[in-house]
Amino acid sequence: MSEKTFTERVVEVIKSIPHGNVATYGQLAAMAGNPRGARQVVRVLHTLWEKEKLPWHRVINAKGTISLTGAGFDEQKVLLEAEGVAVDGRGAVDLKKYQWRPAENVSA
DNA sequence: GCCATGGCTAGTA
DNA sequence: GCCATGGCTAGTA
């Protein structure tokens, strides 16, 4: 059988985060089939973002803030703001406003 | 062993 | 602030 691995599903789900939206590590893990796989989402981003051209900047933590520090923090903030996502000085994003909610996007 | 989490607790104001 | 959690990439033999 050629079942996709959890990692492959994580890659796909990250790729489908819409422009101008954000998703949390745990949310992506759940969408990929494992609600407890947040750490794996972290690993996928860390190791595959370049090779898979992942929109890594659209992934933030469950508190709704940027998890990166230093230069990475600044870059993520800039990339998000460039696509219309407001980020405050602490790196906080309004999840109510910008979190990706696939179900809401289903055409009526 | 590694990783950019997440959720809950204790301790302070 | 602490610690349980999950799946595996990179590098050597």
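The figures that follow rest on heavy atoms only: side chains count, while hydrogens, waters and symmetry mates do not.
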Using a cut-off of 4.0 Å on non-hydrogen atoms, how would the nucleic acid contact of A:Thr5 be classed: base, sugar-phosphate, or nothing?
->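 Here A:Thr5 touches the backbone only, sparing every base.
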Kindly say whether [Y] contributes a backbone atom to a donor-acceptor pair with the side chain of [X] at under 3.5 angstrom?
X        : Y        : result
A:Arg9   : A:Lys4   : yes
A:Arg101 : A:Gln99  : yes
A:Asn21  : A:Tyr98  : yes
A:Gln27  : A:Trp100 : yes

Under a 4.0 Å heavy-atom criterion, the protein footprint on nucleotides 3-13 of chain B, written with B, S and -, is BBBS-------
Rounded distance (nearest 0.5 Å) linking atom CH2 of A:Trp56 with atom CD of A:Glu75 =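 If I round to the nearest 0.5 Å, the distance is 4.0 Å.
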Can you tell me how far CD of A:Gln76 sits from OG1 of A:Thr69, rounded to the nearest 0.5 angstrom?
->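 Reported value, rounded in 0.5 Å steps: 11.0 Å.
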Check: A:Pro55 and A:Ile14 side chains under 4.5 Å, non-hydrogen atoms |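 Result yes, sub-4.5 Å side-chain heavy-atom pair found.
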Stems in DNA chain B: runs of 3 or more consecutive Watson-Crick or G-U pairs, distances under 3.5 Å?
->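 DNA chain B stems, ordered by first number: B:1-3 with C:6-8, B:5-8 with C:1-4.
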Any Lys/Arg nitrogen of A:Lys96 or A:Asp94 sitting under 4.0 Å from an Asp/Glu carboxylate oxygen of the other?
->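 Salt bridge absent between A:Lys96 and A:Asp94.
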